[in-house]
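Take a look at the structure set out below.
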Amino acid sequence: MSFIQYVDELNELNKQIRTKSPVDVIQFCANYFNNRLEEQRKALWEQKSKAEAAGINLFPSGTQIKELQENRTVPSFKTPFSDNDPHSAADHGAPAKLTTDAAGLFRGVSGEGSNPFGASAPVDPSDPGAKRSTPQSTVPGAGFAATIAKLPTTFNANRRTSVSAEAMNPDTFSGDNWKPPVHNFSPEQLERLNASVAKNFLFSQLDEESLRTVIFALEEKKAAQGTNIILQGDEGDFFYVVERGTVDFYVNGAKVNSSGAGSSFGELALMYNSPRAATAVAETDCILWALDRMTFRRILLEGTAKKRSMYEGFLKEVPVLSALSSYERNKLADALGTESYAIGENVVTEGEAGENFYFIEAGTAEIIKEDEGVIGTLQKGDYFGELALLHDSPRQATVTATSPLKVVTLGKSGFQRLLGPAVEILKRQDPTKH
Ligand SMILES: Nc1ncnc2c1ncn2[C@@H]1O[C@@H]2COP(=O)(O)O[C@H]2[C@H]1O
Ligand SMILES: Nc1ncnc2c1ncn2[C@@H]1O[C@@H]2COP(=O)(O)O[C@H]2[C@H]1O
């Protein structure tokens with residue numbers, strides 16, 4: 001390319017940046033050059049037969065490509081303008097690479113595969129240059145090494161930056177031109193959203209306007225049983241809330257987790273700009289709601305990160321939670337709230353219905369039964385309020401603050417979903433059975 005051609009390209013790019021004011025400038029530039037390359041290659045392709053007749057080789061042969069791959073010093077990487085990149089089409093007017101059919105199923109435009117999540121299809125681990133294969137053909141979590149090998153050198157492959165450092169990332173806060181996607185929902189979809197997803201505790205931290213923004217930015221995605229929704233090692237594009245079905249998680253091929261309706265996943269890569277930490281597979285047919293990376297980062301990142309760091313230290317010290325992995329403790333943190341009580345105030349009252357489970361973060365309390373008086377005392381790290389939730393029964397005792405009390409609360413749905421192995425411990429330690 002001549003220098004003049006180079007300057008022309010830059011001038012054209014500058015013009016587009018000025019008129020379109022993209023939020024994510026780097027992504028926009030990447031998209032711009034990718035599209036230019038595509039256009040140029042297409043034009044060359046159309047000239048191929050004429051060139052060949054004239055004895056000119058416009059394209060390297062298969063062997064030449066292989067040689068190039070084997071000799072490369074910089075790893076080739078998954079295109080940053082990945083098929084399901086939420087910015088690429090919107091910012092650059094490029095044709096969307098994925099389409100949604102009437103049933104909301106995602107298919108590659110080429111129509112070659114049935115993977116509803118296009119870019120997340122697994123990579124054949126034996127062939128770093130291989131085309132992505134269909135989901136059914138691989139072990140979950142396999143292909144990680146190959147995927148890592150394809151990451152851009154600038155990609156945060158092995159380390160998590162702190163969220164506060166990430167807050168400086170231009171894609172989060174630069175400029176005020178960011179416009180969240182706004183989807184049109186059918187009345188039936190709206191009803192489902194209102195009935196379940198909108199009530200997710202993750203969204204309870206949001207003010208009305210932010211909640212509205214998030215809800216309308218959601219996109220329904222159906223994942224058939226066995227589909228890889230996320231592939232370990234990939235770049236993060238969407239955050240998901242599960243409306244229906246079960247999703248299993250695999251790290252390096254080993255199952256580490258499973259979650260169902262009301263749960264969410266895919267937050268880590270978006271929070272830390274790190275590769276996907278696990279492969280997520282639809283264990284059953286699933287209905288998911290996907291939130292694009294930008295909307296997640298602009299609206300949900302700060303609150304989620306704050307809560308996780310706020311409760312991280314405390315949850316590590318709670319004996320009954322010691323069987324939880326650090327990931328499970330983080331997910332638990334997402335669902336927690338804090339309440340304060342003055343001396344003499346009741347947190348729960350014997351005979352009443354129970355909605356919450358409690359941990360004591362600071363202060364002391366006593367457990368009182370109407371006919372027995374004080375039957376126990378509680379301090380930092382202790383829990384109470386599990387019986388009503390475990391047995392769907394009224395509160396078995398009253399718990400009253402005996403010093404200024406700060407409790408961490410977990411609602412019923414989180415209790416049923418997020419305590420994992422701790423539930424068995426709670427059942428074993430049932431105070432009414434001893
Ligand atoms: N044990 C686990 N370790 C890491 N990620 C997990 C685990 N269990 C579930 N996940 C989810 O799997 C997701 C894969 O993509 P992310 O890394 O963006 O976010 C991850 C989590 O939401
Ligand atoms: N012997 C006991 N009988 C009843 N509740 C108890 C007892 N010891 C501790 N508690 C706690 O007091 C809580 C009152 O609300 P829950 O019944 O939901 O759960 C109860 C237990 O967490």
Side-chain angles (χ1 to χ4, degrees), residues 117 120 140-141 144 147 156 160 202 228-242 246-252 254-260 263-281 288 290-291 293 296-297 301 304 308 320 324-332 334 346-360 365-378 382-400 407 409-410 412 415 418 420 426-427 429-434:
F117 288 86
S120 291
F144 178 58
T147 311
N156 192 10
R160 275 187 194 169
L202 272 170
N228 287 330
I229 303 160
I230 284 178
L231 256 197
Q232 185 179 355
D234 270 2
E235 290 162 76
D237 41 17
F238 289 99
F239 164 71
Y240 299 93
V241 180
V242 183
T246 306
V247 178
D248 285 350
F249 300 92
Y250 296 82
V251 174
N252 301 333
K255 185 169 160 183
V256 291
N257 235 325
S258 183
S259 63
S263 65
S264 57
F265 61 92
E267 76 289 8
L268 295 180
L270 308 192
M271 287 175 76
Y272 300 101
N273 257 356
S274 56
R276 294 292 199 184
T279 290
V281 183
L288 309 168
L291 185 69
R293 179 177 184 276
F296 176 89
R297 288 181 64 85
L301 175 72
T304 308
R308 289 187 177 193
V320 75
L324 266 60
S325 68
S326 71
Y327 179 72
E328 287 169 326
R329 280 198 297 271
N330 273 331
K331 290 301 279 183
L332 181 58
D334 291 344
N346 293 344
V347 184
V348 301
T349 306
E350 190 173 349
E352 288 189 354
E355 288 303 321
N356 283 322
F357 173 60
Y358 301 87
F359 297 103
I360 297 190
E366 55 190 16
I367 308 164
I368 307 159
K369 269 184 90 74
E370 231 165 65
D371 45 1
E372 295 172 46
V374 175
I375 57 166
T377 56
L378 298 165
D382 288 341
Y383 64 85
F384 62 94
E386 78 290 8
L387 297 181
L389 304 191
L390 283 174
H391 310 300
D392 213 4
S393 58
R395 298 292 190 195
Q396 301 296 297
T398 295
V399 175
T400 307
V407 289
T409 64
L410 177 66
K412 212 183 230 175
F415 179 85
L418 296 168
L426 294 177
K427 283 184 186 160
Q429 294 182 351
D430 185 336
T432 59
K433 294 204 173 125
H434 298 144

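Ligands are counted one by one from 1 in listed order, and the atoms in each one are counted from 1 as well.
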Polar proximity ligand 2 side, [X] side, N/O cut 3.5 Å exclusive:
{"X": "Thr432", "answer": "no"}
{"X": "Glu386", "answer": "yes"}
{"X": "Ile367", "answer": "no"}
{"X": "Tyr383", "answer": "no"}

Going by the side-chain contact (heavy atoms from CB on, under 4.5 Å) test, name the single residue among Leu426, Leu390, Val407, Val348 that passes it with Phe357.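 Exactly one pass, corresponding to Leu426.
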
Of Thr409, Asp382, Val320, which is the lone residue that meets side-chain contact (heavy atoms from CB on, under 4.5 Å) with Phe359?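 Of the listed options, the one satisfying the test is Val320.
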
What atoms in ligand 2 come closer than 4.0 Å to a heavy atom of [X]?
{"X": "Ala388", "answer": "16 (P), 17 (O), 18 (O)"}
{"X": "Phe384", "answer": "22 (O)"}
{"X": "Ile375", "answer": "1 (N), 2 (C), 3 (N), 7 (C)"}

Ignoring hydrogens and geometry beyond distance, is a side-chain donor-acceptor pair present between Thr398 and Asn346 at under 3.5 Å?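 Looking only at side-chain atoms, Asn346 and Thr398 do not form any donor-acceptor pair under 3.5 Å.
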
Classify the side-chain pair Lys331/Ser263 by whether it contains a donor and acceptor separated by less than 3.5 Å.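 Absent: no donor and acceptor within the cut-off.
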
With a 3.5 Å distance limit and no angle check, can you tell me whether [X] reaches the backbone of [Y] through a side-chain donor-acceptor pair?
{"X": "Glu350", "Y": "Glu370", "value": "yes"}
{"X": "Asp430", "Y": "Thr432", "value": "yes"}
{"X": "Lys369", "Y": "Ile375", "value": "no"}
{"X": "Thr349", "Y": "Glu352", "value": "no"}

Do Lys427 and Lys433 have side-chain heavy atoms sitting under 4.5 Å apart?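 Not touching, per the 4.5 Å side-chain cut-off.
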
Is Asn252 close to Gln232 at the side-chain level, that is, under 4.5 Å between some pair of heavy atoms?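 Yes. Closest side-chain heavy atoms under 4.5 Å.
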
Determine, considering heavy atoms only, which of Glu372, Gln429, His391, Gln396 sits nearest to atom 17 (O) of ligand 2.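 When every heavy atom of Glu372, Gln429, His391, Gln396 is considered, Gln396 comes closest to atom 17 (O) of ligand 2.
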
What's the shortest heavy-atom distance between Gly354 and Leu389, and which atoms?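 For Gly354 versus Leu389, the nearest heavy atoms are O-CD2, 3.5 Å.
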
Would one find an N or O of [X], backbone or side chain, under 3.5 Å from an N or O of ligand 1?
{"X": "Lys331", "answer": "no"}
{"X": "Leu270", "answer": "no"}
{"X": "Ala277", "answer": "yes"}
{"X": "Gly266", "answer": "yes"}

If we set the cut-off at 4.0 Å for heavy atoms, which region of [X] has an atom near ligand 1: side chain, backbone, both, or neither?
{"X": "Glu267", "answer": "both"}
{"X": "Phe265", "answer": "both"}
{"X": "Asn257", "answer": "side chain"}

Among protein heavy atoms, which lies nearest [atom], and at what distance?
{"atom": "atom 14 (C) of ligand 2", "value": "Ala397 O, 3.5 Å"}
{"atom": "atom 18 (O) of ligand 2", "value": "Arg395 NH1, 2.7 Å"}
{"atom": "atom 6 (C) of ligand 2", "value": "Pro431 CG, 3.8 Å"}

Assess Gly236 for proximity to ligand 1: is some non-hydrogen atom of it under 4.0 Å away?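 Checking ligand 1 against Gly236, which is what was asked, there is no heavy-atom contact under 4.0 Å.
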
Give the atoms of ligand 1, by number and element, whose distance to some non-hydrogen atom of [X] is under 4.0 Å.
{"X": "Ala269", "answer": "16 (P), 17 (O), 18 (O)"}
{"X": "Ile230", "answer": "14 (C), 15 (O)"}
{"X": "Val256", "answer": "1 (N), 2 (C)"}
{"X": "Arg276", "answer": "15 (O), 16 (P), 17 (O), 18 (O)"}

Angle between ring planes, Phe239 versus Phe296, binned at 30° and 60°: parallel, tilted or perpendicular?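 Answer is tilted, since the angle falls between 30° and 60°.
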
So does Glu372 have more than 12 non-hydrogen atoms from other groups sitting under 6.0 Å from CD?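 Enclosed: over 12 neighbouring heavy atoms sit under 6.0 Å from CD of Glu372.
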
Between Phe265 and Phe249, is a ring pair (Phe, Tyr, Trp, His ring centres under 6.0 Å) present by the stated rule, with each step listed? CA-CA 10 Å; Phe265 61 92; Phe249 300 92; 5.3 Å; yes

Determine, for Arg293 against Glu267, whether the closest basic-nitrogen to carboxylate-oxygen distance falls under 4.0 angstrom.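 Between Glu267 and Arg293 there is no salt bridge, as every charged N stays at least 4.0 Å from the carboxylate O atoms.
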
Ligand 2 contact on Leu389 by region, counting heavy-atom pairs under 4.0 Å: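 For Leu389, there is no contact with ligand 2 at all, from either part.
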
Contact between Gly385 and ligand 2, counting heavy atoms under 4.0 Å?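 Contact present.
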
